[in-house]
K.L.:
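Encoded as structure tokens, here's the structure I'll be asking about.
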There are 2 protein chains.
Amino acid sequence: MATTEKATAADAASVSIQDVSRLSGLSEATLRYYEKIGLIAPVPRDESSGHRRYGGPAVETIQALGCLRATGMSVQDMRAYLRHLDGADGDAARMRALFERNAERVEQEIGHLRVRLRYLRLKADLWDARERGDAEAEHRSVEKITHTARELR
Amino acid sequence: MATTEKATAADAASVSIQDVSRLSGLSEATLRYYEKIGLIAPVPRDESSGHRRYGGPAVETIQALGCLRATGMSVQDMRAYLRHLDGADGDAARMRALFERNAERVEQEIGHLRVRLRYLRLKADLWDARERGDAEAEHRSVEKITHTARELR
DNA sequence: GGCTTGACCTCAAGCGCTTCATGTGTCCGA
DNA sequence: TCGGACACATGAAGCGCTTGAGGTCAAGCC
């Protein structure tokens, strides 16, 4: 009876920030931050407690954002993504371009990281040689490091 | 003879922040920042202009830091690196551990980036399918995306 | 001598969060 | 009904830089 009203309200409203955080992979702090900067629309609050209660559609949007942000996409590009979701003319092309651009970015990052990895491994070898007092190995490491350092930029 | 002193001082002092930036790959702003936070020792200044003049040893240190920071090493670890450079007992082991730890970090990052790259490529495919009005390809993309999104975390 | 140009300076704000301090509202068992 | 525990709330500070505003100094040109 009296519970009916409450229950209904509770159903739609029962998605807490913690729930959304788990569903999206975004931290609670990040969710508040995204709301603050207007990437996410203002989330309605529970009357008495003032806690955020997320609606179904909002949750889905945020899950998508969680994926994008996991790819390292910038907040700016996420904004663009949301703008073009509706599907107006030419939006599909813009979206494709957006993702291709980001894919290239990640590809380059991988390339850079490979060089960095090699550098770090060589440095570890160097100190390993020093630890063992192996002057010859040390010398070889130094040479390789010098060479790799150039690629590192 | 009398000139020796002056010339020596001038020689050592003529390395500007721009020079060091080029040699190390660190931006001028970053060099000032590193000095401000005490990662780099205070750099002597030109008397009249107040401009920084880097000494030879400082330049070498900074070049090394440039490599480390290019690997994504944290400022904290760079501090540790500088602390253990002198070569006291046990330092070699600490250094090796430091570099191995960072190598592992980079290796993991590469793994994550690979997943992200796949995700972004699939998203590009999806919008490409939409652009072409190919409902079937769109459907296939959606499936793959759903699957990859899980790995994305 | 005045003017522009560069290279440099400092200080402050911005980025995209994370972490921390501090303060409520809700619910639970004792 | 008192007192915790707990999930939230806000606001400020920190991280590692980057960007921008506003100003100084030295050198070259007319």
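Lettering of chains follows the sequences in order, A, B, ..., and the numbering in each one begins at 1.
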K.L.:
Determine yes or no for a side-chain-to-main-chain donor-acceptor pair under 3.5 angstrom, with A/Arg45 supplying the side chain and A/Gly50 the backbone.
P.N.:
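Indeed, once roles are kept as given, a pair shorter than 3.5 Å links the two residues.
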K.L.:
From CD of B/Glu28 over to C1' of C/dC9, roughly how many Å is that when rounded to an integer?
P.N.:
11 Å
K.L.:
Does the side chain of A/Arg130 reach to within under 4.5 Å of the side chain of B/Met95, using non-hydrogen atoms?
P.N.:
no
K.L.:
Write down the distance between CD (B/Glu47) and C1' (C/dC8), rounded to a whole number of angstrom.
P.N.:
16 Å
K.L.:
What distance do B/Leu117 atom CG and B/Ile110 atom CD1 have between them, rounded to the nearest 0.5 Å?
P.N.:
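So the gap between those two atoms works out to 12.5 Å.
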K.L.:
Describe the nucleic acid contact of A/Ile37 in one word from base, sugar-phosphate, nothing, applying a heavy-atom distance below 4.0 Å.
P.N.:
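Touches nothing.
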K.L.:
With a 4.5 Å cut-off on side-chain heavy atoms, are A/Asp77 and A/Asn102 touching?
P.N.:
yes
K.L.:
Rounding to an integer number of Å, can you tell me how far A/Gln18 CD sits from C/dT26 C1'?
P.N.:
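Between C1' of C/dT26 and CD of A/Gln18: 15 Å.
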K.L.:
Hey, could you give me the CZ/CG distance between B/Arg101 and A/Leu120, rounded to the nearest 0.5 Å?
P.N.:
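Interatomic distance, B/Arg101 CZ to A/Leu120 CG, rounded to 0.5 Å: 11.0 Å.
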K.L.:
If the cut-off is 4.0 Å, is B/Arg45 near the phosphate of C/dT10, judged by side-chain N/O to OP1 or OP2?
P.N.:
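Result: yes.
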K.L.:
Only one of B/Leu23, B/Asp19, B/Val43, B/Thr61 forms a side chain to side chain contact (heavy atoms under 4.5 Å, CB included) with B/Tyr54, so which one is it?
P.N.:
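The residue from B/Leu23, B/Asp19, B/Val43, B/Thr61 that satisfies side chain to side chain contact (heavy atoms under 4.5 Å, CB included) with B/Tyr54 turns out to be B/Val43.
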K.L.:
Nearest-nucleotide wise, let me know which of B/Ile17 and A/Gln76 is further upstream toward the 5' end of DNA chain C.
P.N.:
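Looking at the nearest nucleotide for each, B/Ile17 comes out on the 5' side.
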K.L.:
First and last nucleotide of DNA chain D touching chain B, 5' to 3', heavy-atom cut-off 4.0 Å?
P.N.:
D/dG16 to D/dA26
K.L.:
Output the rounded distance in Å from CZ (B/Arg32) to C1' (C/dT10).
P.N.:
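To the nearest whole Å, that distance equals 9 Å.
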K.L.:
Hey, are A/Asp46 and A/Ser48 close enough side-chain-wise for a donor-acceptor pair under 3.5 Å?
P.N.:
yes
K.L.:
On DNA chain C, nearest-nucleotide positions of A/His51 versus A/Tyr34: which is more 5'?
P.N.:
A/Tyr34
K.L.:
Answer with base, sugar-phosphate or nothing: what part of the nucleic acid does B/Ser48 contact at a heavy-atom distance below 4.0 Å?
P.N.:
sugar-phosphate
K.L.:
Using the closest heavy atom to pick a nucleotide of DNA chain D for each, name whichever of B/Met78 or B/Ser49 lands nearer the 5' end.
P.N.:
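Closest to the 5' end, via its nearest nucleotide, is B/Met78.
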K.L.:
Does C/dT18 have OP1 or OP2 sitting under 4.0 Å from an N or O in the side chain of A/Thr30?
P.N.:
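Yes, within the criterion.
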K.L.:
Reckon B/Arg52 has a side-chain N or O less than 4.0 Å from the OP1 or OP2 of C/dC8?
P.N.:
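False: B/Arg52 side-chain N/O out of range (4.0 Å or more) of C/dC8 OP1/OP2.
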K.L.:
Could you tell me how far apart A/Asp46 (CG) and C/dT26 (P) are, to the nearest whole angstrom?
P.N.:
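It works out to 7 Å between those atoms.
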